[in-house]
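Here the structure is a predicted model, which is why all the values come from computation and not from measurement.
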Amino acid sequence: MAQFQILCPHSEAEWRPITIEFIFAPNGDQQYLWPSFEEAEAARKQLLLRAPDVQLRIALAGADIGDVDWPVREKLRFADGSYAPTPWHDEPWYREKHDEHFCHVSTEQAGKIAFTENAAKGQIDRQLVMSPGRYLHRFFSAHLDNNAIEGWCARLSVQLEEDALKITQDADEIEDVYVGGPGSCMAHDASEFDSFCHPTRVYAGPDTAIAYIGPRDDARARSVVWPERKIYTSLYGDVSRLRLLLENAGYAKGGLNGARIRRIVDGDSFVVPYIDAGDDLADDGEYLIIGRGSIPSENTNGLGNRCWYCPRCDRETTAHDEVYYRDGSSEEWCYSCFTDHSVFCDHNGRSYSDAETFITVLADGDEHDVLEDDVEAFGAVYLDDRGEWWIESCCRRCDASGQWFHADDLTEYHGEWLCADHLPEPFDDDDPSLANAHVLAHDWFRYEMAAIAIEVAKWQAAGERARDERLRREREEAERLRLETLRRQPFEPCNCGRAHRNSLEAPGLADSLVPAAAGASAPAATPSHTGA
């Protein structure tokens, strides 16, 4: 029966078994043999808690590796260092498959992985060799997208040290990396720029440099870096591998504002590349300083002079005319964009971007393009029967339905313009009362509606009058009750020597009632005075 040991380095060339008490075995009766790989692995993890920096392996004790079943054999190869694990070895999505595949870095083909395809292949100790990307796509596409798979492949490449990170401030080397490497607006031969030399040569210090992987004349990835501050900028080419190498070297992504580049004069301008990680430059007489001045850093012609770029096509050219948007904003466009991608609005008298929505308004023998929001203000109406917008002067409403129609689509019938759906059926006899039947019916309907409106108005007026009368009576009754209450209250003397009602605290309030009482008795006195 196979037994397992935990081995610890005794010297650079010798590994010896150790006991559960972390002593080289055999030593007394301390355990140093385990009946299963799993138990030995559990003991190894306990020992590592006590000495995490010590290297410990699991091995068979006094037996050949062929004496155990194939899954234990594969575990032993990881445990004794025969298999190098992949970067994704401890990921949860992979661990579900590990005891089937035992995926590891291939020992036969550089840059590839190997795994056990099935139990039958495991029994005969045969592993399938495959590229890491193909393996991850085949078995883990449900967990990883293309970007994630590319990232894991890059990690494996870095683990295997397939690419060395190179950083240079040599102007010739920088030019070669750009011309032969990943494509971009600066990745062209020097003859394609207006500057007398390749514009990227200015990155040759003192603060900037180029980081890349691969041969200088066929670089697989590159980035402008600021070595002193450990900053890298935009990555081109094999982004995942270069990013890992830079970050392993202590770099972080950032910008170049404040960095000095070479000052190369070209006529009345300077040699300046397109800088996508910094702003316009300043000239201090010795260097150009990124982000500190007004020398353009967005030109692609290699010179730091002011160029005009069409905001629509982003090409260096000249401005032609103004183009507007519905929100009121506007831009200057080049001739080509203005000609091919703008529409003149006949309502506003301006050219608008063809990205806006336009309505074609028809007129007899003519057409007008109008912004959708302004079509009614332009005087257009939509004709449902034609599915078209027409200028209102060419249309009129059907006197029966009230809907808009083209004037040619209506028929005049006894003084009314009617659409086909509202024309009366023709009559075969000559009865004059039938000839005008539709018009009479329409007039009678309008007469009845007017009569109803008059009746409604009459009842509404009567209701208003009744409400006003009711409110008047309520006010009079309230006033009568108030006066009656005042008259019933007894008078009592007070310190002033006058009698006041209990409810009137101040003499002035009682005095204020005298005119009202006098006014009430005035009509009775008038006849006797007149008789006198």
Sequence-distant partners of His320, ring pair (Phe, Tyr, Trp, His ring centres under 6.0 Å), two or more places apart: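 If we apply the ring pair (Phe, Tyr, Trp, His ring centres under 6.0 Å) test to His320, skipping adjacent residues, the hits are Tyr335, Phe338.
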For Tyr324, ring pair (Phe, Tyr, Trp, His ring centres under 6.0 Å) partners two or more places apart: none
Main-chain N/O of Glu356 paired with Ser353 side-chain donor or acceptor, under 3.5 Å: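 No.
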Any donor-acceptor N/O pair, Asn299 side chain to Gly302 backbone, under 3.5 Å: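 No.
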Pair [X] + [Y], salt bridge at N-O below 4.0 Å:
{"X": "Asp172", "Y": "Arg201", "result": "yes"}
{"X": "Asp125", "Y": "Arg77", "result": "yes"}
{"X": "Asp280", "Y": "Arg292", "result": "no"}
{"X": "Glu38", "Y": "Lys75", "result": "yes"}
{"X": "Arg138", "Y": "Glu117", "result": "yes"}

Non-hydrogen side-chain atoms of Glu173 and Tyr212 separated by less than 4.5 Å: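 Yes, side chains in contact.
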Check: Leu56 and Leu7 side chains under 4.5 Å, non-hydrogen atoms: no
Residue list, side-chain contact (heavy atoms from CB on, under 4.5 Å) with Ala190, at least two apart or on another chain: Glu175, His198
I'd like to know whether the aromatic ring centres of [X] and [Y] sit less than 6.0 Å apart in this structure.
{"X": "Phe139", "Y": "Phe115", "result": "yes"}
{"X": "Tyr83", "Y": "Phe78", "result": "yes"}
{"X": "Tyr94", "Y": "His101", "result": "no"}

Partners meeting side chain to side chain donor-acceptor pair (under 3.5 Å) with Asp99 (sequence neighbours left out): none
Sequence-distant partners of His143, side chain to side chain donor-acceptor pair (under 3.5 Å), two or more places apart: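 Side chain to side chain donor-acceptor pair (under 3.5 Å) list for His143, sorted by chain: empty.
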Stacked cation flag Arg95 on Trp93, 6.0 angstrom / 45 deg: no
Distance under 6.0 Å and angle within 45° of ring axis: Arg263 vs Tyr287: no
Listed once per pair and sorted, the salt bridge (Lys or Arg N to Asp or Glu O under 4.0 Å) pairs that draw on residues 140-152, sequence neighbours left out: none
